[in-house]
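Working notes, beginning with the structure itself.
Numbered from 1 within each chain, the chains take letters A, B, ... in sequence-line order. Computed from a prediction, not measured in an experiment: that's the story for all the values here.
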Number of protein chains: 2
Amino acid sequence: MKLTSKGRYAVTAMLDLAIRCDSGPVSLSEISERQDISLSYLEQLFARLRKANLVRSVRGPGGGYALARKAKEISVGSVIHAVNETVDATRCKGQADCQGGERCLTHTLWQDLSDRVNDFLNGISLQDLISTEQVKDVSSRQSDRAKTTDINILLQV
Amino acid sequence: MKLTSKGRYAVTAMLDLAIRCDSGPVSLSEISERQDISLSYLEQLFARLRKANLVRSVRGPGGGYALARKAKEISVGSVIHAVNETVDATRCKGQADCQGGERCLTHTLWQDLSDRVNDFLNGISLQDLISTEQVKDVSSRQSDRAKTTDINILLQV
DNA sequence: CAATACTTGACTAAAATAGTTGGTTTAATA
DNA sequence: TATTAAACCAACTATTTTAGTCAAGTATTG
């Protein structure tokens, strides 16, 4: 699972869509303007999101995109995965052609971590993000953040 | 938080270090050979890991690197963060200069997800990965994986 | 002193990211 | 029916990042 600004763009656009797709299809130019992402870049991203069956399109004037499923049934992980086709597996691919035991061990450990990150991101739905935001108030977020370590404060994701 | 192969290299190298740094410092050339990462690239990564106080170096013959703290006290998140200095914050930076309410909302939602990923990765220590691996047997891993959705099967991290 | 190994900085090739340009189809509506 | 708004498509480009190379140091041990 790669996690870069490309994925951020995709998730941001999908959230924009999730928030307002009840009132008919949403055009990419709208999202482009609201989220400040270039239109043609959005087109590229949505071509992939469509292939992954995460969005449905309506062509012609008044057309646009809508979520293919309910926001509750679309995981953040699936969105990020959809726009990152080139996945670089580890060299040994978990296969038996590792030299010695050590190299394979660290590869297995990394795989283990990867699985956890996947499970984590697949466990969060778009609706999940929207809902918590609606419930949460500013003061509680700040106290949450104060609890994290100094490392966390430096982290901008 | 960026999650790319750069971070994978760093975590892999740190795991290699964690596994064997009990018996004195480990040289980068050893790690390079075992993990199949170019020596000079490792040097760049370890320069950053050192600045982040995650490793300590011993110079001269017989020298090398050792973890600066116990494996239990080094989180995967801190390793990944250390090697990714260029963090691209969202344009609005969570500040008040967003236009309208909508753009800010999706930014806040993304920030929320970022925080969760951070907390998640900061909650996993190197020791954590090593320990679970020692306990876990192959059959249980496979049944774990079978439980995940079809999306998960496609994901290579 | 000599060998080892860390340290630093400048450089480069390849890949990915982000954006551009210029179309074509599709479908609603005036 | 002509116009128009939108998805769709493909090729291209600039920028950034990744990954790796090279070379010249510095510190330390034996």
Side-chain angles (χ1 to χ4, degrees), chain A residues 1-13 17 21 24-33 35-52 54-68 80-91, chain B residues 1-13 17 21 24-33 35-52 54-68 80-91:
Chain A
M1 175 73 73
K2 268 197 306 188
L3 200 54
T4 65
S5 52
K6 192 175 194 172
R8 189 184 73 225
Y9 282 142
V11 172
T12 301
L17 208 55
C21 75
V26 180
S27 75
L28 291 188
S29 44
E30 283 179 59
I31 299 178
S32 167
E33 207 173 319
Q35 305 303 332
D36 196 22
I37 306 171
S38 102
L39 176 58
S40 10
Y41 196 48
L42 274 179
E43 283 174 352
Q44 289 177 37
L45 297 178
F46 273 75
R48 296 201 177 165
L49 294 171
R50 200 170 66 92
K51 273 175 202 150
L54 297 175
V55 295
R56 259 199 310 259
S57 65
V58 180
R59 301 179 73 154
Y65 286 93
L67 296 185
I80 292 172
H81 179 249
V83 297
N84 287 289
E85 63 174 351
T86 57
V87 277
D88 46 279
T90 52
R91 273 170 249 250
Chain B
M1 174 73 74
K2 269 199 305 189
L3 199 55
T4 64
S5 52
K6 192 176 195 173
R8 189 184 73 224
Y9 282 141
V11 171
T12 302
L17 207 54
C21 74
V26 181
S27 75
L28 291 189
S29 43
E30 283 179 58
I31 299 178
S32 166
E33 205 172 322
Q35 305 304 331
D36 196 23
I37 307 171
S38 103
L39 176 58
S40 10
Y41 196 47
L42 274 178
E43 285 170 353
Q44 288 176 38
L45 296 178
F46 272 75
R48 295 201 179 167
L49 294 171
R50 201 172 66 91
K51 274 176 201 150
L54 296 175
V55 295
R56 259 198 309 258
S57 66
V58 179
R59 303 178 74 152
Y65 285 92
L67 297 185
I80 291 171
H81 180 249
V83 297
N84 287 291
E85 62 174 351
T86 56
V87 278
D88 45 280
T90 51
R91 273 169 248 252

Could you give the distance from CZ (B:Arg50) to CZ (B:Arg56), rounded to the nearest 0.5 Å? 12.0 Å
Distance (rounded to the nearest 0.5 Å) between B:Ile80 CD1 and B:Arg8 CZ: 11.5 Å
Inter-residue atom distance A:Glu30.CD - A:Gln35.CD, 0.5 Å rounding: 11.0 Å
Who pairs with A:Ser38 by side-chain hydrogen bond (donor to acceptor under 3.5 Å, both in side chains), at least two apart in sequence or on another chain? none
Starting at CD1 of B:Ile37 and ending at C1' of D:dA19, how long is that distance when rounded to a whole Å? 11 Å
Rounded off to whole Å, could you give me the CZ-to-P distance for the B:Phe46 and C:dA5 pair? 15 Å
By nearest nucleotide on DNA chain C, pick out whichever of A:Ser38 and B:Gly63 is the more 5' one. B:Gly63
Counting just side-chain N and O atoms, does B:Tyr41 come under 4.0 Å of either OP1 or OP2 of D:dG20? no
Using a cut-off of 4.0 Å on non-hydrogen atoms, how would the nucleic acid contact of B:Leu28 be classed: base, sugar-phosphate, or nothing? sugar-phosphate
Side-chain N,O (B:Arg50) to OP1/OP2 (C:dT7) below 4.0 Å: yes
Among residues at least two apart in sequence or on other chains, which ones pass side-chain hydrogen bond (donor to acceptor under 3.5 Å, both in side chains) with B:Ser40? none
At under 4.0 Å, does any side-chain N or O of A:Lys2 touch on OP1 or OP2 of C:dA16? no
Here the distance between atom C1' of D:dA6 and atom CG of A:Leu42, to the nearest Å, is 14 Å
To the nearest angstrom, how far is B:Arg56 atom CZ from C:dC6 atom C1'? 16 Å
Base, sugar-phosphate alone, or nothing: which one does A:Ser40 contact when heavy atoms must sit under 4.0 Å apart? base
A:Lys6 atom NZ is separated from C:dA15 atom P, nearest whole Å, by 15 Å
I want to verify a distance call: between D:dA7, C:dT17, C:dT20, whose nearest atom is closest to the A:Thr4 side chain? C:dT17
What integer distance in Å separates B:Ile31:CD1 from C:dA5:C1'? 13 Å
All N/O contacts under 3.5 Å from nucleotides 1-3 of chain C to the protein, with atom names and distances to one decimal?
none

Using a cut-off of 4.0 Å on non-hydrogen atoms, how would the nucleic acid contact of A:Tyr65 be classed: base, sugar-phosphate, or nothing? sugar-phosphate
Counting side-chain heavy atoms from CB outward, which of C:dT8, C:dA10, C:dT17 is closest to B:Gln44? C:dA10
Please state how far atom CG in B:Asn84 lies from atom C1' in D:dA19, giving the value in whole angstrom units. 14 Å
For the residue pair A:Lys6 and A:Leu45, establish whether any side-chain heavy-atom pair is separated by less than 4.5 Å. yes
Could you check whether the rings of A:Tyr41 and A:Tyr9 sit parallel, tilted or perpendicular, using 30° and 60° as the cut-offs? perpendicular
In whole angstrom, give the distance that lies between atom CD of A:Glu43 and atom P of C:dA18. 16 Å
Inter-residue atom distance A:Tyr65.OH - A:Leu42.CG, 0.5 Å rounding: 9.5 Å
Side-chain donor/acceptor of B:Arg59 to base of C:dT4, under 3.5 Å: no
